[in-house]
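Right, one structure below, let's go through it.
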Amino acid sequence: MSAYAFLGAGEFEDWHADIDRGLLDGRSGRVLVFATASAPDGDDVYDGWVTKGMQHYAGLGAAVVAPPLRAAPDAHDPGIIAELDDAALVFFSGGNPAYLASVLAASPFWQVLQERVADGRTAYAGCSAGVACLCDPTFDSATEDFEQVWAPGLGYFPQVLFAPHWDMIDTWIPGARAFIQTSAPADGHLIALDERTAMVGDGRTWNVTGAGAVGVYRNGSWVEEHRGGATFTLSLTPAADGSAG
(Lines give C-alpha, C1' and ligand atoms only; values in the text may rest on other atoms or scores of the structure.)
Protein backbone atom coordinates (compact mmCIF):
# COMPACT_ATOMS: atom_id res chain seq x y z
CA MET A 1 0.00 0.00 0.00
CA SER A 2 1.27 3.47 -0.87
CA ALA A 3 2.25 5.75 1.99
CA TYR A 4 2.63 9.53 1.84
CA ALA A 5 3.43 12.38 4.21
CA PHE A 6 2.89 15.93 2.96
CA LEU A 7 4.28 18.69 5.20
CA GLY A 8 3.44 22.36 4.89
CA ALA A 9 6.82 23.44 6.31
CA GLY A 10 9.21 22.62 9.14
CA GLU A 11 11.10 19.63 7.82
CA PHE A 12 13.64 17.73 9.91
CA GLU A 13 12.20 18.95 13.20
CA ASP A 14 11.01 16.93 16.19
CA TRP A 15 7.31 17.53 15.53
CA HIS A 16 7.23 15.00 12.68
CA ALA A 17 9.40 12.30 14.26
CA ASP A 18 6.39 10.05 14.91
CA ILE A 19 5.33 10.48 11.29
CA ASP A 20 8.74 9.26 10.17
CA ARG A 21 8.60 6.27 12.49
CA GLY A 22 5.20 5.34 11.12
CA LEU A 23 6.38 5.53 7.52
CA LEU A 24 9.41 3.38 8.28
CA ASP A 25 7.47 0.78 10.26
CA GLY A 26 7.31 -2.46 8.28
CA ARG A 27 9.64 -1.21 5.55
CA SER A 28 13.24 -2.31 5.17
CA GLY A 29 16.03 -0.15 3.88
CA ARG A 30 17.38 3.35 4.29
CA VAL A 31 16.02 6.87 4.29
CA LEU A 32 17.08 8.89 1.25
CA VAL A 33 17.18 12.64 1.88
CA PHE A 34 16.98 14.89 -1.18
CA ALA A 35 17.57 18.64 -0.90
CA THR A 36 17.22 19.01 -4.68
CA ALA A 37 14.75 21.89 -4.56
CA SER A 38 17.29 24.09 -2.75
CA ALA A 39 20.16 23.47 -5.19
CA PRO A 40 19.64 26.80 -7.04
CA ASP A 41 20.23 28.62 -3.74
CA GLY A 42 23.87 27.56 -3.64
CA ASP A 43 26.08 25.03 -1.92
CA ASP A 44 25.74 26.46 1.59
CA VAL A 45 21.95 26.25 1.55
CA TYR A 46 21.88 22.85 -0.12
CA ASP A 47 24.48 21.38 2.23
CA GLY A 48 22.69 22.85 5.21
CA TRP A 49 19.46 21.01 4.39
CA VAL A 50 21.35 17.78 3.69
CA THR A 51 23.09 18.01 7.07
CA LYS A 52 19.86 18.77 8.90
CA GLY A 53 18.09 15.84 7.23
CA MET A 54 20.91 13.42 7.92
CA GLN A 55 21.04 14.45 11.58
CA HIS A 56 17.28 14.18 11.96
CA TYR A 57 17.01 10.62 10.69
CA ALA A 58 20.19 9.47 12.38
CA GLY A 59 18.68 10.73 15.61
CA LEU A 60 15.72 8.41 15.01
CA GLY A 61 18.10 5.48 14.62
CA ALA A 62 17.49 5.16 10.89
CA ALA A 63 20.12 4.44 8.27
CA VAL A 64 20.20 7.54 6.06
CA VAL A 65 22.03 8.77 2.97
CA ALA A 66 21.72 11.87 0.79
CA PRO A 67 22.40 11.01 -2.86
CA PRO A 68 23.56 14.06 -4.87
CA LEU A 69 20.41 14.59 -6.93
CA ARG A 70 20.99 18.26 -7.73
CA ALA A 71 20.24 18.70 -11.45
CA ALA A 72 18.37 16.95 -14.27
CA PRO A 73 21.33 14.80 -15.43
CA ASP A 74 21.55 13.33 -11.93
CA ALA A 75 18.06 11.86 -12.31
CA HIS A 76 19.47 9.77 -15.20
CA ASP A 77 22.56 8.63 -13.29
CA PRO A 78 22.41 4.83 -12.79
CA GLY A 79 24.23 5.10 -9.48
CA ILE A 80 21.69 7.53 -8.03
CA ILE A 81 18.76 5.54 -9.43
CA ALA A 82 20.20 2.40 -7.84
CA GLU A 83 19.95 4.05 -4.41
CA LEU A 84 16.19 3.50 -4.67
CA ASP A 85 16.70 -0.26 -4.52
CA ASP A 86 17.28 0.05 -0.78
CA ALA A 87 14.91 2.92 0.00
CA ALA A 88 12.31 2.56 2.74
CA LEU A 89 11.55 6.29 2.66
CA VAL A 90 12.43 9.20 0.41
CA PHE A 91 12.17 12.74 1.71
CA PHE A 92 12.24 15.81 -0.54
CA SER A 93 12.83 19.03 1.39
CA GLY A 94 11.93 22.60 0.49
CA GLY A 95 13.08 25.11 -2.07
CA ASN A 96 11.71 25.83 -5.54
CA PRO A 97 8.91 23.42 -6.57
CA ALA A 98 9.30 24.21 -10.26
CA TYR A 99 13.01 23.47 -10.16
CA LEU A 100 12.46 20.16 -8.36
CA ALA A 101 9.83 19.15 -10.91
CA SER A 102 12.18 20.04 -13.78
CA VAL A 103 14.87 17.76 -12.34
CA LEU A 104 12.56 14.77 -11.89
CA ALA A 105 10.30 15.12 -14.93
CA ALA A 106 10.41 12.26 -17.44
CA SER A 107 13.47 10.78 -15.76
CA PRO A 108 14.20 7.13 -14.99
CA PHE A 109 14.68 8.09 -11.34
CA TRP A 110 11.13 9.44 -11.13
CA GLN A 111 9.73 6.40 -12.95
CA VAL A 112 11.41 3.94 -10.56
CA LEU A 113 10.38 5.98 -7.53
CA GLN A 114 6.75 5.98 -8.63
CA GLU A 115 6.81 2.22 -9.09
CA ARG A 116 8.23 1.67 -5.61
CA VAL A 117 5.72 4.01 -4.01
CA ALA A 118 2.85 2.34 -5.88
CA ASP A 119 3.68 -1.10 -4.53
CA GLY A 120 4.41 0.15 -1.03
CA ARG A 121 8.11 -0.66 -0.86
CA THR A 122 9.07 3.02 -0.50
CA ALA A 123 7.15 5.72 1.36
CA TYR A 124 7.14 9.26 -0.08
CA ALA A 125 7.50 12.28 2.18
CA GLY A 126 7.90 15.85 1.10
CA CYS A 127 7.89 19.29 2.64
CA SER A 128 6.95 22.50 0.86
CA ALA A 129 8.54 22.07 -2.60
CA GLY A 130 8.56 18.32 -2.03
CA VAL A 131 4.76 18.48 -1.97
CA ALA A 132 4.04 21.28 -4.43
CA CYS A 133 6.16 19.69 -7.18
CA LEU A 134 3.53 16.95 -7.46
CA CYS A 135 1.03 19.41 -9.00
CA ASP A 136 0.80 20.53 -12.61
CA PRO A 137 1.22 23.42 -12.87
CA THR A 138 3.33 24.12 -9.85
CA PHE A 139 4.86 27.24 -8.33
CA ASP A 140 8.07 28.87 -9.49
CA SER A 141 9.16 30.42 -6.21
CA ALA A 142 11.96 32.33 -7.96
CA THR A 143 9.37 34.93 -9.02
CA GLU A 144 7.02 37.14 -7.02
CA ASP A 145 5.03 38.09 -10.13
CA PHE A 146 1.67 36.33 -10.03
CA GLU A 147 1.55 36.31 -13.82
CA GLN A 148 4.84 34.38 -13.99
CA VAL A 149 4.45 32.08 -11.01
CA TRP A 150 3.13 28.98 -12.78
CA ALA A 151 5.52 26.43 -14.26
CA PRO A 152 5.27 22.77 -15.34
CA GLY A 153 4.97 20.32 -12.47
CA LEU A 154 4.95 16.56 -12.25
CA GLY A 155 1.19 16.14 -12.35
CA TYR A 156 1.45 13.10 -10.11
CA PHE A 157 -2.03 13.74 -8.73
CA PRO A 158 -4.21 15.12 -11.54
CA GLN A 159 -6.57 18.00 -10.72
CA VAL A 160 -4.90 18.73 -7.39
CA LEU A 161 -3.12 21.91 -6.34
CA PHE A 162 -1.12 21.73 -3.11
CA ALA A 163 -0.45 25.00 -1.30
CA PRO A 164 2.09 24.65 1.53
CA HIS A 165 2.93 27.50 3.95
CA TRP A 166 -0.75 28.42 3.76
CA ASP A 167 -0.86 30.30 7.07
CA MET A 168 2.18 32.39 6.13
CA ILE A 169 2.16 33.14 2.41
CA ASP A 170 0.07 36.32 2.62
CA THR A 171 2.67 37.77 4.98
CA TRP A 172 5.29 37.23 2.27
CA ILE A 173 3.24 38.23 -0.77
CA PRO A 174 -0.02 40.06 0.03
CA GLY A 175 -2.91 38.61 -1.95
CA ALA A 176 -1.19 35.29 -2.62
CA ARG A 177 -3.87 33.17 -0.98
CA ALA A 178 -6.68 34.81 -2.94
CA PHE A 179 -4.70 34.36 -6.15
CA ILE A 180 -4.08 30.68 -5.44
CA GLN A 181 -7.77 30.14 -4.69
CA THR A 182 -8.72 31.56 -8.08
CA SER A 183 -6.20 29.17 -9.66
CA ALA A 184 -7.67 26.04 -8.07
CA PRO A 185 -8.52 23.27 -10.57
CA ALA A 186 -12.09 23.70 -11.79
CA ASP A 187 -12.97 20.04 -11.27
CA GLY A 188 -10.43 19.25 -8.59
CA HIS A 189 -9.08 20.26 -5.21
CA LEU A 190 -6.88 22.91 -3.66
CA ILE A 191 -5.24 21.44 -0.56
CA ALA A 192 -3.81 24.06 1.79
CA LEU A 193 -1.20 22.99 4.32
CA ASP A 194 -0.22 25.22 7.23
CA GLU A 195 3.37 25.29 8.42
CA ARG A 196 4.45 22.53 10.83
CA THR A 197 1.38 20.58 9.79
CA ALA A 198 1.17 17.37 7.81
CA MET A 199 -1.35 15.09 6.14
CA VAL A 200 -0.28 11.46 6.23
CA GLY A 201 -2.04 8.62 4.48
CA ASP A 202 -2.40 6.04 1.75
CA GLY A 203 -3.92 8.22 -0.96
CA ARG A 204 -7.47 7.98 0.39
CA THR A 205 -7.51 8.12 4.20
CA TRP A 206 -5.48 10.88 5.83
CA ASN A 207 -4.41 11.76 9.35
CA VAL A 208 -3.49 15.31 10.31
CA THR A 209 -0.55 16.01 12.62
CA GLY A 210 0.93 19.30 13.75
CA ALA A 211 0.17 22.79 14.96
CA GLY A 212 -2.05 24.05 12.15
CA ALA A 213 -4.71 22.87 9.73
CA VAL A 214 -5.22 21.20 6.38
CA GLY A 215 -7.92 22.89 4.29
CA VAL A 216 -9.71 21.54 1.23
CA TYR A 217 -11.11 23.98 -1.35
CA ARG A 218 -13.44 22.71 -4.07
CA ASN A 219 -15.88 24.29 -6.52
CA GLY A 220 -15.22 27.80 -5.32
CA SER A 221 -15.43 27.32 -1.57
CA TRP A 222 -13.67 25.84 1.43
CA VAL A 223 -15.43 22.58 2.14
CA GLU A 224 -13.23 21.04 4.84
CA GLU A 225 -10.73 22.05 7.52
CA HIS A 226 -8.91 19.44 9.59
CA ARG A 227 -6.62 20.02 12.57
CA GLY A 228 -4.15 17.86 14.44
CA GLY A 229 -5.60 14.50 15.44
CA ALA A 230 -8.28 14.53 12.73
CA THR A 231 -8.80 11.85 10.12
CA PHE A 232 -10.47 12.56 6.80
CA THR A 233 -11.14 10.87 3.48
CA LEU A 234 -10.02 12.34 0.18
CA SER A 235 -9.12 10.16 -2.79
CA LEU A 236 -5.95 11.28 -4.55
CA THR A 237 -5.13 8.91 -7.39
CA PRO A 238 -1.76 9.05 -9.19
CA ALA A 239 -1.78 9.66 -12.93
CA ALA A 240 -3.04 6.59 -14.75
CA ASP A 241 0.05 6.20 -16.93
CA GLY A 242 2.29 5.98 -13.89
CA SER A 243 4.45 8.88 -15.03
CA ALA A 244 4.04 12.59 -15.56
CA GLY A 245 6.09 15.52 -16.60
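Computed over heavy atoms, backbone and side chain alike; hydrogens, waters and symmetry mates excluded.
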Practice problem: Report the C-alpha distance between L236 and I191 in whole Å, list the side-chain angles of each, state the deciding distance to 0.1 Å, and finish with yes or no for side-chain contact (heavy atoms from CB on, under 4.5 Å). | Solution: CA-CA 11 Å; L236 301 181; I191 301 175; 4.0 Å; yes

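- The NE2 atom of H189 lies 10.0 Å from the CD atom of Q159; values are rounded to the nearest 0.5 Å.
- Looking at residues two or more places apart in sequence or on another chain, you find a salt bridge (Lys or Arg N to Asp or Glu O under 4.0 Å) between R227 and E225.
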Would you list the atom pairs, donor with acceptor, under 3.5 Å between side chains in residues 168-176 and any protein atom, with sequence neighbours excluded?
{"residue": "D170", "atom": "OD1", "partner": "G175", "partner atom": "N", "Å": "3.4"}
{"residue": "D170", "atom": "OD1", "partner": "A176", "partner atom": "N", "Å": "3.0"}
{"residue": "D170", "atom": "OD1", "partner": "R177", "partner atom": "N", "Å": "3.0"}
{"residue": "T171", "atom": "OG1", "partner": "M168", "partner atom": "O", "Å": "2.5"}

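- For residues 122-134, the set of pairs meeting the salt bridge (charged side-chain N to carboxylate O under 4.0 Å, His left out) definition, not counting sequence neighbours, is empty.
- Sorted by first and then second residue, the side chain to side chain donor-acceptor pair (under 3.5 Å) pairs involving residues 128-138 (not counting sequence neighbours) are S128-H165.
- Among residue pairs with one or both ends in residues 43-84, those qualifying as ring-ring contact (aromatic ring centres under 6.0 Å, His included) are H16-H56; sequence neighbours excluded.
- No side-chain heavy atom of F109 sits less than 4.5 Å from a side-chain heavy atom of D74.
- Looking at residues two or more places apart in sequence or on another chain, you find a side chain to side chain contact (heavy atoms under 4.5 Å, CB included) between A125 and A5, L23, L89, F91.
- Listed by chain and residue number, nothing satisfies the salt bridge (Lys or Arg N to Asp or Glu O under 4.0 Å) test with D41 (two or more places apart in sequence, or in another chain).
- Residue pairs meeting the side chain to side chain donor-acceptor pair (under 3.5 Å) criterion with at least one member in residues 196-206, sequence neighbours excluded: E13-R196.
- One N or O on the side chain of D167 and one on the backbone of E195 form a donor-acceptor pair closer than 3.5 Å.
- For the salt bridge (Lys or Arg N to Asp or Glu O under 4.0 Å) test, no residue two or more places apart in sequence or in another chain qualifies with D44.
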Distance-only donor-acceptor hits, side chain of residues 59-70, under 3.5 Å, sequence neighbours excluded:
{"residue": "R70", "atom": "NH1", "partner": "D43", "partner atom": "OD1", "Å": "3.4"}
{"residue": "R70", "atom": "NH2", "partner": "D43", "partner atom": "OD1", "Å": "2.7"}

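- Sorted by first and then second residue, the side chain to side chain donor-acceptor pair (under 3.5 Å) pairs involving residues 80-106 (not counting sequence neighbours) are R30-E83, R30-D86, N96-D140.
- With sequence neighbours left out, F157 forms a ring-ring contact (aromatic ring centres under 6.0 Å, His included) with Y4.
- With hydrogens and angles disregarded, no donor-acceptor distance shorter than 3.5 Å links the side chain of R218 to the backbone of A184.
- Here the CG-CG distance, from L154 to L104, works out to 5.5 Å after rounding to the nearest 0.5 Å.
- Under a 3.5 Å cut-off, the side chain of W15 and the backbone N or O of G10 do form a donor-acceptor pair.
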